[in-house]
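All remarks here apply to the structure that follows.
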2 protein chains.
Amino acid sequence: MATRSHAWSRDERLAVLRRCPLFAPWPEARLADLAAIARVEHYPRGTEIYAHEPERREAFVIASGEVEVSRGSAAGKKFVLGINGPCEILAIVRLLEAPPIHYDYRAYEDSVLLHLPTRDLTAILDADPILWRDIALLMCARHGDSLRLLNDHNLGSLDQRMAVTLADLARIHGIAGENGTELGLRLPQEQLGAMLGVTRQSVNKLLRGFEDAGLIAVDYNRITIRNPAALDLIAARQD
Amino acid sequence: MATRSHAWSRDERLAVLRRCPLFAPWPEARLADLAAIARVEHYPRGTEIYAHEPERREAFVIASGEVEVSRGSAAGKKFVLGINGPCEILAIVRLLEAPPIHYDYRAYEDSVLLHLPTRDLTAILDADPILWRDIALLMCARHGDSLRLLNDHNLGSLDQRMAVTLADLARIHGIAGENGTELGLRLPQEQLGAMLGVTRQSVNKLLRGFEDAGLIAVDYNRITIRNPAALDLIAARQD
DNA sequence: GCGGGTCTGTCATCCTGCCGACAATCTGCT
DNA sequence: AGCAGATTGTCGGCAGGATGACAGACCCGC
């Protein structure tokens, strides 16, 4: 599944960790410990990172690329929780002995990941327990994100949710690529539908409306944000 | 808003904290510290605990009673995240300087709460930082809960969601009250609708179906679980 | 036991998004 | 150039839930 293109040097792994907001403030010695336990893997676009492996106890950091977090149903439907960019740490919930939920991870673009076995990670944290504080605060933030999503699904209208999602994706993609005045997202409408919990047809109609309003441009496999400010305005609208 | 029925003794406050799964394993000295910062308040059924106070930086522990966590929209709709019973710690996300989301808290039954100002709480945690570990793991669990909810809303059918919700409420209520063979919940259909994100009419029709199937009994202001096993079966069904 | 507030049962109507289908278009590869 | 696969544009029919309305039942306090 994963192809190790080349073994990264310890310094390269350190550099990646230093760029992560979570790890950046940590003492050098701890970063070195992390670098020591990190396993580098390269995943080409579309590859599964781990799917259907509820047992696997590894968190990972995105060194480069984009990773889709999703969950399938027996009926063949798929719900995409989000697409994450560089410097994010994922699967952190697997710190728990029995993770309360299991997601599938897939490389949405060519990606390089640093795998951190939770066993080794907790050992490092226990050695310098104030670091648990950072983990706790990170989890608070994550929890807030999912609650916001839950609220949007229950209280917000569909066009609003789409505006929020597009703005989020633009922000993540802005980190991954260079940011010009206009931002093009490689994003099939079906994918967007899976994030919003609706069908591609519904997405298509909505996108059309947004395009007519001059907010975005819709092309094959591509959505370009033309007016981010107006998008944010819709996203923030109170119903 | 809150009426302090009587000032609880330090030992009474300690006893409450000791019953919480989160705090129970903590050293005596820390529990004493917590008891020292805890402010006891009593809220009659229906009272707002804090609503529309995004600035307030206090977590709280439910000593007794039940607390509804909800969020309103400008359109007058309300989404109820859940109803929590004794020994739960709520508003923990306010440990963050800038909480990412704000919920309203209301006493669903007569309740006694221990308020813990986050400023004092973090001081205690920082003094014995391994305790942050427990907070981090708690947040992982909470995060998992909200993710599960999010998934149910996106992938599951409505009857399934209702089965899950009823089972959850029964579990919480089983802690609050005594558990006979049959469990009656004081639960207006509108309330259930607010938890599921649907109208009371839709809930009514569904409840009727469940009642016909012998799963529950529906009375005025009351839903009685008759066949918990069958309910769990629906909840666990894979679509 | 009376009255106001709350909750339930039920209906007809509307609307949003789903489903299935099909043609057209684009991309990447040979 | 040509082909296979993926993506888009679009339609009509359909279903589930929203909405608004109204009557009736229930509870609690006076």
Side-chain angles (χ1 to χ4, degrees), chain A residues 44-47 68 73 75-80 106 108-110 152-163 165-166 184-212 216-224 239, chain B residues 44-47 68 73-80 106 108-110 152-163 165-166 169 184-212 216-224 239:
Chain A
R45 173 197 285 187
T47 318
E68 173 202 88
S73 81
K77 286 190 195 174
K78 182 169 90 164
F79 170 60
V80 175
R106 195 173 62 87
Y108 191 70
E109 298 290 356
D110 287 3
D152 289 347
H153 274 255
N154 277 289
L155 295 176
S157 58
L158 186 50
D159 59 343
Q160 209 168 3
R161 291 217 313 274
M162 192 165 88
T165 304
L166 286 176
L185 304 169
R186 182 183 74 82
L187 183 68
Q189 297 176 9
E190 180 119 43
Q191 183 78 15
L192 187 50
M195 303 186 73
L196 297 171
V198 298
T199 57
R200 106 191 145 71
Q201 288 96 326
S202 303
V203 169
N204 184 280
K205 189 187 291 187
L206 265 180
L207 284 175
R208 197 136 286 280
F210 276 28
E211 187 170 38
D212 290 347
I216 60 175
V218 179
D219 300 303
Y220 183 86
N221 226 337
R222 181 155 303 277
I223 295 173
T224 309
D239 285 321
Chain B
R45 174 196 284 189
T47 319
E68 173 201 87
S73 81
K77 287 190 195 174
K78 184 169 92 163
F79 170 62
V80 175
R106 195 172 62 89
Y108 191 70
E109 299 289 357
D110 287 4
D152 288 348
H153 274 256
N154 277 289
L155 295 176
S157 58
L158 186 50
D159 60 343
Q160 207 168 7
R161 293 214 314 273
M162 192 166 89
T165 304
L166 286 176
L169 286 172
L185 305 169
R186 183 183 74 83
L187 183 67
Q189 295 176 10
E190 181 118 41
Q191 183 77 14
L192 188 50
M195 303 188 72
L196 297 171
V198 299
T199 58
R200 114 193 136 70
Q201 289 93 329
S202 303
V203 168
N204 184 280
K205 188 187 292 187
L206 264 180
L207 284 176
R208 195 137 289 279
F210 276 29
E211 187 170 38
D212 290 347
I216 59 175
V218 180
D219 301 303
Y220 183 85
N221 226 339
R222 181 155 303 277
I223 295 174
T224 309
D239 285 323

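First the proteins, then the strands, lettered A, B, ... as listed; each starts at 1.
For D/dG16, the OP1/OP2 oxygens have no side-chain nitrogen or oxygen of B/Ser202 closer than 4.0 Å. Here A/Thr199 reaches the OP1 or OP2 of C/dC18: one of its side-chain N or O atoms lies under 4.0 Å away. An OP1 or OP2 oxygen of D/dT8 is reached within less than 4.0 angstrom by no side-chain nitrogen or oxygen of A/Lys205. Remark: B/Asn204 is in phosphate contact with C/dG9, judged by side-chain N or O atoms under 4.0 Å from OP1 or OP2.
Checked against C/dG9, C/dG17, C/dG20, the side chain of B/Gln189 finds its nearest nucleotide in C/dG9. Of the candidate nucleotides D/dT10, D/dG17, C/dC7, D/dG17 has the atom nearest to the side chain of B/Val198.
B/Lys77 places its NZ atom 10 Å from the C1' atom of D/dT19, with the value rounded to the nearest Å. At whole-Å resolution of the value, CE in A/Met162 and P in C/dT16 are 16 Å apart. Taking atom CG of A/Leu196 as the reference point, atom P of C/dT16 lies 17 Å away to the nearest angstrom. Per the geometry, CD belonging to B/Gln201 stands 17 Å off P belonging to C/dC14, to the nearest Å. Taking atom CZ on A/Arg200 and atom C1' on D/dC11, their separation rounds to 12 Å, with Å as the unit. To the nearest angstrom, C1' of D/dT8 lies 15 Å from CG of A/Leu206. Between the CD atom of B/Gln191 and the C1' atom of C/dT8 there is a distance of 15 Å, given to the nearest Å. Between the CG atom of A/Asp159 and the P atom of C/dT16 there is a distance of 11 Å, given to the nearest Å.
With hydrogens and angles ignored, a donor-acceptor pair closer than 3.5 Å exists between the side chain of B/Tyr220 and the base of C/dT6.
Checking B/Glu68, B/Arg200, B/Arg186 one by one against B/Gln191, the side-chain hydrogen bond (donor to acceptor under 3.5 Å, both in side chains) holds for a single residue, B/Glu68.
At most 12 heavy atoms of other shown residues, nucleotides or ligands fall within 6.0 angstrom of atom CD in A/Glu190.
Ranked by how close their nearest DNA chain C nucleotide is to the 5' end, A/Asn221 and B/Glu190 are led by B/Glu190.
Across all their heavy atoms, A/Arg161 and A/Leu196 have their closest contact at NH2-O, 2.6 Å. Considering every non-hydrogen atom in both A/Gln189 and A/Asn204, the closest pair reads OE1-ND2, 3.0 Å.
Backbone-only contact: B/Gly197 has heavy atoms under 4.0 Å from sugar-phosphate atoms and none from a base. Among the heavy atoms of the strands lying under 4.0 Å from B/Arg208 are primed sugar atoms or P, OP1, OP2 only; no base atom is included.
Side-chain N or O atoms of B/Asp110 include none that pairs as donor or acceptor with a backbone N or O of B/Pro44 at under 3.5 Å.
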